[in-house]
**Student:** 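This is the structure I want to talk about, given as structure tokens.
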Amino acid sequence: MLRTHTCGELRKEQGGQTVTVCGWVDSRRDHGGLVFIDLRDRYGKIQVVFDPQVSKDQVLHDAAGSLRNEDVLRVTGEVTLRGAKDINPKLPTGEIDIHAVTLEVLNRSKTPPFEPSTLNPPNEELRLKYRFVDLRRPRLQELVHFRHRLTKLIRDYFDREGFLDIETPMLGRSTPEGARDYLVPSRVHEGCFYALPQSPQIYKQILMVAGYDRYMQIARCFRDEDLRADRQPEFTQVDVEMAFVEREDILQVIDGLIIFAMKELRGEDYPPVTRLTYRDAMERYGSDKPDLRYGMELKDLGDIAANCGFGVFKNTLGAGGRVRGLCAPQAAAKYSRKNIDELTTFVADYKAKGLAFFRVTDTGLDSPIAKFFNETEQRAIIERFDAKAGDLIFCVADQPKVTSAALGALRGRLGKELKLFDPNQMHFAWLLDFPLFAWNEEEIRWDAEHHPFCNPHPDDVAFFETDPGQIRANSYDLIINGYEAASGSVRIHDPAVQQKVFDLLGINPEQAEARFGFLLEALRYGAPPHAGVALGLDRWVMLFTGCDNIRDVIAFPKTQKASDLLTGAPAAVDDKQLRELNIKVAPSGK
RNA sequence: GGCUCCGUAGCUCAGUUGGUUUAGAGCGUCGGCCUGUCACGCCGAAGGUCACGGGUUCAAGUCCCGCCGGAGUCGCCA
């Protein structure tokens with residue numbers, strides 16, 4: 001070891017000891033005579049003092065004067081207690097110094113593009129290009145450390161519950177459903193490709209058939225789709241599957257993990273996890289991933305608006321649409337007409353053709369369209385929302401789906417703008433009973449909402465012939481603070497049910513065999529009832545740490561265009577490599 | 001693929017309705033001074049293809065079009 005102690009661990013108890021520490025120059029304060037260096041490692045900072053009267057060494061003193069930020073040092077010296085007036089209460093090591101006797105410059109640093117100690121980090125492009133500097137920042141070190149603690153805790157938990165950690169291949173077979181695959185060409189098999197896993201879904205089901213009835217893996221997954229603040233092209237799932245279980249068993253295992261994590265990481269006793277159905281969520285919050293840290297629920301105004309004088313509402317209702325709204329508490333004074341116009345543009349992104357609003361006053365409703373509502377109707381609207389003077393009611397009249405999407409998004413935006421929740425709170429909720437199928441307007445057919453192996457709710461099997469849209473899936477999503485943080489389902493293990501699903505999806509037996517034959521074959525060799533779930537680890541870390549994007553909790557993330565600014569990936573490769581793979585690039589001409 | 005925002009010194013930013021000789025400030029960098037600082041201080045200096053390419057104009061950092069990069073979002077993500 002080049003050191004006897006880390007920079008962060010020394011305290012006054014080590015006073016008088018001669019120690020050797022290594023680290024980076026965080027800052028230097030050169031007084032001509034005295035030179036102070038703050039030496040930093042990931043455990044903290046310690047002040048090193050170069051005092052010519054103590055060392056009586058001109059060479060050492062000159063060397064100290066030549067130091068620059070981010071130089072890497074090895075320093076030996078005596079731990080000394082500071083005088084009372086020199087104590088720095090801002091640092092855990094602020095009661096001591098190291099008086100340097102020897103200094104070894106292990107490496108010089110170029111002037112960094114920004115200081116790790118900066119209070120005001122630069123733009124993300126620069127941070128990603130110089131990620132090795134960015135990762136020195138205490139905040140990022142904290143996030144990296146937190147991620148380690150969470151993954152350790154997750155492994156400990158599943159180990160204690162009897163789960164086996166089993167690795168599955170990264171080089172797999174492309175299956176046509178789902179997200180776009182990242183492909184890897186085969187050198188040995190001309191014209192053939194592996195696909196990187198979108199998730200270990202099929203392998204874990206096969207593991208159930210193979211008898212490993214409690215499986216978990218912290219698995220890297222790849223999806224070649226467009227990115228968001230909470231989506232990276234490669235991300236990490238905590239993948240879980242269990243055999244001989246029902247939905248309830250999966251929920252309880254994850255509930256146990258939530259309670260364990262909240263206790264260990266935050267010292268909180270987390271109450272039973274909220275559960276609500278997809279139908280309730282859409283009705284009350286307009287979203288299948290509502291932030292439940294606050295209320296501001298959506299209300300239906302169809303009965304009140306049915307006979308009102310406002311043509312837009314009446315006509316929409318007449319055409320099979322809905323009139324729904326929400327009430328933003330004490331927002332009337334905070335949103336000018338211009339702000340509301342901006343919100344109207346915002347909901348237009350969700351296909352809403354308009355956004356009606358009412359300011360609630362002591363006497364009734366104030367709005368350009370208030371005149372179309374008589375006193376009884378105005379009172380009914382106020383009662384529906386239990387509105388108070390100063391509140392601001394927004395309404396959308398449109399097709400049912402549009403009212404949900406627009407008001408759900410508006411609720412999310414207003415919740416943030418009005419600060420309706422404690423940003424440090426963690427709220428977990430299970431969303432249950434998603435529809436099994438979604439009608440695809442463009443392709444004029446049914447699509448699987450989750451995946452084609454998701455078991456239908458046992459009570460709904462009769463709907464296969466009558467109304468497939470009514471069939472509930474035996475599936476579940478875990479929502480944390482408005483983010484989908486886990487998703488799973490009970491799988492189909494009955495070939496007859498699987499056949500029904502394929503039939504409805506328009507996948508004939510030959511196609512099913514061609515696409516998923518290996519899984520279907522496995523399921524014919526004694527598949528136990530099984531169910532599973534996958535947690536989005538990056539999102540969990542993001543939410544636990546209060547970050548607003550997942551790049552900050554990934555050591556080496558990619559940009560929105562899936563580039564790695566540190567390494568320059570993706571990049572062109574040598575012709576020789578392409579020739580070996582029998583690949584020719586055909587430029588798109590763009 | 002659509003929409004929106006951003007790009008001025010190494011970094012963070014200012015730069016007015018397009019108009020004042022040489023585009024400014026703070027931090028950082030470089031040089032000098034400084035023995036208790038800890039965001040050390042003081043003095044001085046260097047540092048700019050205003051992302052890039054067109055256009056409008058007597059005049060463009062500023063307006064318009066395109067393009068590159070970054071971010072947010074809709075579509076997409078079983």
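All values below were derived from every heavy atom in this structure, side-chain atoms included, with hydrogens, water molecules and symmetry-related copies excluded. As the structure is a computational prediction, the values presented were derived from the model and not from experiment. Note on naming: letters A, B, ... go to the chains in the order of the sequence lines (proteins, then strands), and numbering restarts at 1 for each one.
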**Student:** Determine the contact category for Ser199(A): base if any of its heavy atoms lies under 4.0 Å from a base atom, sugar-phosphate if only primed atoms, P, OP1 or OP2 are that close, otherwise nothing.
**Tutor:**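 Result for Ser199(A) = base.
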**Student:** Show each protein N/O and nucleotides 2-4 of chain B N/O combination with a separation under 3.5 Å, one pair to a line.
**Tutor:**
none

**Student:** Expressed in angstrom and rounded to an integer, what is the separation of Phe50(A) atom CZ from rU37(B) atom P?
**Tutor:**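 About 18 Å, once rounded to whole Å.
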**Student:** Only pairs at least two apart or in different chains count here, so list each side-chain hydrogen bond (donor to acceptor under 3.5 Å, both in side chains) that has a residue in residues 57-67 of chain A.
**Tutor:**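 For residues 57-67 of chain A: Gln58(A)-Asp62(A), Ser66(A)-Arg108(A).
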**Student:** Pick from Arg127(A), Arg539(A), Arg137(A), Arg139(A): which one makes a salt bridge (charged side-chain N to carboxylate O under 4.0 Å, His left out) with Asp552(A)?
**Tutor:**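 Of Arg127(A), Arg539(A), Arg137(A), Arg139(A), salt bridge (charged side-chain N to carboxylate O under 4.0 Å, His left out) with Asp552(A) is met by Arg127(A) alone.
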**Student:** Taking the inter-plane angle between the rings of His451(A) and Phe453(A) on a 0 to 90° scale, is it parallel (under 30°), tilted (30 to 60°) or perpendicular (over 60°)?
**Tutor:**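 Tilted, since the angle between the ring planes falls between 30° and 60°.
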**Student:** If you look at every strand shown and take non-hydrogen atoms under 4.0 Å, does His99(A) touch a base, only sugar-phosphate, or nothing?
**Tutor:**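 Contact class for His99(A): base.
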**Student:** Which residues pass the side-chain hydrogen bond (donor to acceptor under 3.5 Å, both in side chains) test with Asp224(A), sequence neighbours left out?
**Tutor:**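 If we apply the side-chain hydrogen bond (donor to acceptor under 3.5 Å, both in side chains) test to Asp224(A), skipping adjacent residues, there are no hits.
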**Student:** Rounded to the nearest angstrom, tell me the gap between atom CZ in Arg228(A) and atom P in rG70(B).
**Tutor:**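 Checked: the CZ to P distance equals 16 Å.
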**Student:** Counting heavy atoms from C-beta on, name the nucleotide in rG28(B), rG36(B), rG10(B) closest to the side chain of Pro113(A).
**Tutor:**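 So the side chain of Pro113(A) is nearest to rG10(B).
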**Student:** What residues, two or more places apart in sequence or in another chain, satisfy side chain to side chain contact (heavy atoms under 4.5 Å, CB included) together with Ala405(A)?
**Tutor:**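 If we apply the side chain to side chain contact (heavy atoms under 4.5 Å, CB included) test to Ala405(A), skipping adjacent residues, the hits are Tyr350(A).
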**Student:** Heavy-atom contacts under 4.0 Å between residues 412-420 of chain A and RNA chain B, which residues?
**Tutor:**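 Within residues 412-420 of chain A, no residue comes under 4.0 Å of RNA chain B.
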**Student:** When we call it a touch if two heavy atoms are under 4.0 Å apart, what does Asp226(A) touch: a base, just sugar-phosphate, or nothing?
**Tutor:**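 Since a base atom lies under 4.0 Å of Asp226(A), the category is base.
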**Student:** Enumerate the residue pairs fulfilling ring-ring contact (aromatic ring centres under 6.0 Å, His included) with a member in residues 25-57 of chain A, sequence neighbours excluded, ordered by first and then second residue.
**Tutor:**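 Output for this query lists His31(A)-Phe36(A).
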**Student:** Taking pairing as Watson-Crick or G-U wobble with both contacts under 3.5 Å, can you name the mate of rC3(B), or confirm there isn't one?
**Tutor:**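 Paired with rC3(B), as far as the under-3.5 Å criterion goes, is rG72(B).
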**Student:** Taking any heavy-atom pair under 4.0 Å as a contact, classify Asp86(A): base, sugar-phosphate, or nothing.
**Tutor:**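 Contact class for Asp86(A): base.
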**Student:** Report the residues that fulfil side chain to side chain contact (heavy atoms under 4.5 Å, CB included) with Tyr278(A), sequence neighbours left out, ordered by chain and then residue number.
**Tutor:**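 Residues passing side chain to side chain contact (heavy atoms under 4.5 Å, CB included) with Tyr278(A): Met282(A), Asp288(A), Phe434(A), Pro435(A).
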**Student:** Roughly, in whole Å, what's the span from OH in Tyr350(A) to P in rG75(B)?
**Tutor:**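 Nearest whole value for this atom pair: 7 Å.
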**Student:** Could you list, one pair per line, each protein nitrogen or oxygen that sits under 3.5 Å from a nitrogen or oxygen of nucleotides 39-46 of chain B, together with the distance?
**Tutor:**
unit_1	atom_1	unit_2	atom_2	d
rA39(B)	OP1	Lys90(A)	NZ	3.1
rA39(B)	OP2	Lys90(A)	NZ	2.9
rC40(B)	OP2	Arg29(A)	NH1	3.1
rC40(B)	N3	His31(A)	NE2	3.4
rC40(B)	N4	Asp30(A)	O	2.8

**Student:** Taking side-chain hydrogen bond (donor to acceptor under 3.5 Å, both in side chains) as the definition, give me every residue that meets it alongside Tyr215(A), ordered by chain and number, with sequence neighbours left out.
**Tutor:**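 With sequence neighbours excluded, Tyr215(A) shows a side-chain hydrogen bond (donor to acceptor under 3.5 Å, both in side chains) to Gln217(A), Asp239(A), given in chain and number order.
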**Student:** If you look at every strand shown and take non-hydrogen atoms under 4.0 Å, does Arg82(A) touch a base, only sugar-phosphate, or nothing?
**Tutor:**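 It contacts base atoms.
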**Student:** With a non-hydrogen cut-off below 4.0 angstrom, is Phe114(A) in contact with a base, only sugar-phosphate, or nothing?
**Tutor:**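 Here Phe114(A) touches no strand at all.
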**Student:** Mind checking what makes side chain to side chain contact (heavy atoms under 4.5 Å, CB included) contact with Glu513(A), not counting sequence neighbours?
**Tutor:**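 Counting only residues at least two positions away or on another chain, Glu513(A) forms a side chain to side chain contact (heavy atoms under 4.5 Å, CB included) with Leu520(A), Arg524(A).
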**Student:** Any luck finding a side-chain donor-acceptor pair between Gln560(A) and Arg551(A) under 3.5 Å?
**Tutor:**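 There is no such pair (donor and acceptor under 3.5 Å, judged by atom type) between the side chains of Gln560(A) and Arg551(A).
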**Student:** Around atom CZ of Arg173(A), are there more than 12 heavy atoms of other residues, nucleotides or ligands at under 6.0 Å?
**Tutor:**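 No, not enclosed.
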**Student:** In whole Å, what is the span from the CD atom of Glu125(A) to the P atom of rC11(B)?
**Tutor:**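 Computing the Glu125(A):CD to rC11(B):P distance gives 10 Å.
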**Student:** For Gln53(A), answer base if it contacts any base atom (sugar-phosphate contacts may also be present), sugar-phosphate if it contacts only those atoms, and nothing otherwise; contact means non-hydrogen atoms under 4.0 Å.
**Tutor:**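 The answer is base, as Gln53(A) lies within the cut-off (heavy atoms under 4.0 Å) of a base atom.
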**Student:** When we call it a touch if two heavy atoms are under 4.0 Å apart, what does Phe453(A) touch: a base, just sugar-phosphate, or nothing?
**Tutor:**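 Nothing: the residue Phe453(A), judged by heavy atoms under 4.0 Å, touches no strand.
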**Student:** Rounded to whole angstroms, how far apart are CG on Asp288(A) and P on rC77(B)?
**Tutor:**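 My rounded result for the distance is 14 Å.
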**Student:** Residues two or more places apart in sequence or in another chain: which of them pass side chain to side chain contact (heavy atoms under 4.5 Å, CB included) with Pro233(A)?
**Tutor:**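 Per chain and number, Pro233(A) pairs via side chain to side chain contact (heavy atoms under 4.5 Å, CB included) with Tyr182(A), Leu227(A), Lys558(A), Ala562(A).
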**Student:** Can you name the ring pair (Phe, Tyr, Trp, His ring centres under 6.0 Å) partners of Trp446(A), sequence neighbours left out?
**Tutor:**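 Applying ring pair (Phe, Tyr, Trp, His ring centres under 6.0 Å) to Trp446(A) gives Trp439(A).
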**Student:** What integer distance in Å separates Phe346(A):CZ from rG72(B):C1'?
**Tutor:**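 Computing the Phe346(A):CZ to rG72(B):C1' distance gives 11 Å.
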**Student:** Regarding Asp447(A), tell me which of base, sugar-phosphate or nothing describes its non-hydrogen contacts under 4.0 Å with the strands shown.
**Tutor:**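 No contact.
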**Student:** In this structure, how many angstroms lie between the P atom of rC13(B) and the CG atom of Asn123(A), rounded?
**Tutor:**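 Taking atom P of rC13(B) as the reference, CG of Asn123(A) is at 8 Å.
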**Student:** In whole angstrom, what separates Asp224(A)'s CG from rC77(B)'s P?
**Tutor:**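 Rounding to the nearest Å, CG of Asp224(A) and P of rC77(B) are 12 Å apart.
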**Student:** rG24(B) pairs with which nucleotide, Watson-Crick or G-U wobble, both distances below 3.5 Å?
**Tutor:**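 rG24(B) is paired with rC13(B).
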